[in-house]
Amino acid sequence: QVQLVESGGGSVQAGGSLRLSCVFSGSSFCNNNLAWFRQTPAKGREGVAAIWIRSASSTTYADSVKGRFTISHDDAKNTVYLQMDSLEPEDTAMYYCAAAGGSCHWVGLSLSAYNTWGQGTQVTVSS
């Protein structure tokens with residue numbers, strides 16, 4: 001069973017930066033897809049960025065964050081990061097780390113593939 005613990009959220013002004021961290025522990029068959037999603041009452045849960053941790057070159061981003069957000073991982077620390085730059089008020093949301101346990105292929109930001117979630121960390125961007 002995989003556990004995910006997020007940290008790094010907070011409040012920042014537009015144009016600022018934050019880095020979210022997600023520490024993952026435990027084990028699961030074929031658990032190489034990790035991603036960040038965000039949720040607001042208006043938009044529901046949407047994918048932000050995903051990474052295939054066995055190959056750092058396999059990443060994907062939502063169009064709304066391309067060029068501003070970067071997903072990465074540190075194998076030694078069992079941690080996935082989301083570096084968020086040039087933040088906009090529209091980025092305000094609860095951010096969740098997720099793992100697609102049992103998916104032995106690249107699933108990108110396919111929401112239905114993600115079956116393990118962290119508790120979430122709030123990001124608030126003021127104008």
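Along the sequence shown, the residues carry numbers beginning at 1.
Between T60 and W106 the shortest heavy-atom distance is CG2-CZ2, 3.8 Å. For the pair A93 and T40, the tightest heavy-atom approach, listed with the atom from each and the gap, is CB-CG2, 3.5 Å. Taking each heavy atom of A50 and A35 in turn, the nearest pair found is CB-CB, 3.7 Å. Here the closest non-hydrogen pair linking P89 and S126 is CG-C, 4.5 Å. Of all heavy-atom pairs spanning F24 and V2, the tightest one is CB-CG1, 4.4 Å. Heavy atoms only, all atoms of each residue included: Y114 and G108 are closest at OH-O, 2.5 Å.
Rounded to the nearest 0.5 angstrom, S21 OG and K77 NZ are separated by 9.0 Å. To the nearest 0.5 Å, the span separating CG on D75 from NE2 on H73 amounts to 5.0 Å. Taken to the nearest 0.5 Å, the CG atom of N78 stands 10.0 Å off from the SG atom of C22.
A donor-acceptor distance shorter than 3.5 angstrom exists from the side chain of E6 to the backbone of C97, with no hydrogens or angles considered. Listed for the N115 side chain is a donor-acceptor partner under 3.5 Å among the backbone atoms of G101. D91 places no side-chain N or O within 3.5 Å of a backbone atom of V123 that could act as its donor or acceptor partner. Under the 3.5 Å distance criterion, the side-chain polar atoms of E88 are left unmatched by any main-chain donor or acceptor of G15. When atom types are taken as modelled, the side chain of T121 and the backbone of G9 share a donor-acceptor pair closer than 3.5 angstrom.
Put simply, the side chain of L4 reaches to within 4.5 Å of the side chain of T116, judged on heavy atoms. Contact of the I71 side chain with the V80 side chain is registered, since non-hydrogen atoms from C-beta on lie closer than 4.5 Å. Y81 places none of its side-chain heavy atoms less than 4.5 Å from the side chain of I51. Inter-residue side-chain proximity for M84 and L20 is flagged as met; some heavy-atom pair is nearer than 4.5 Å. Counting heavy atoms from C-beta on, the side chains of L18 and L87 come closer than 4.5 Å. For the pair Q83/S17, a side-chain contact is recorded, criterion being any heavy-atom separation below 4.5 Å from C-beta on.
Both V48 and V125 are assigned to one and the same hydrophobic cluster, defined by single-linkage of ILVMFWY side chains at heavy-atom distances under 4.5 Å. Linking Ile, Leu, Val, Met, Phe, Trp and Tyr whenever their side-chain heavy atoms come within less than 4.5 Å puts Y96 and V107 in one cluster. Linking ILVMFWY side-chain heavy atoms closer than 4.5 Å, directly or via other members, places Y61 and L34 in a single hydrophobic cluster. Linking Ile, Leu, Val, Met, Phe, Trp and Tyr whenever their side-chain heavy atoms come within less than 4.5 Å leaves L109 and W52 in two separate clusters. Both W36 and I53 are members of a single hydrophobic cluster when ILVMFWY side chains are connected at heavy-atom separations under 4.5 Å.
Side-chain N/O atoms of D74 and T79 include no donor and acceptor closer than 3.5 Å. A side-chain donor-acceptor contact under 3.5 Å links Y95 and R38.
No more than 12 heavy atoms of other residues, nucleotides or ligands lie within 6.0 Å of CD in Q1, so this atom counts as exposed by the packing criterion.
Cation-pi contact between R45 and W117: present, with separation from the ring centre below 6.0 Å and deviation from the ring axis of at most 45°.
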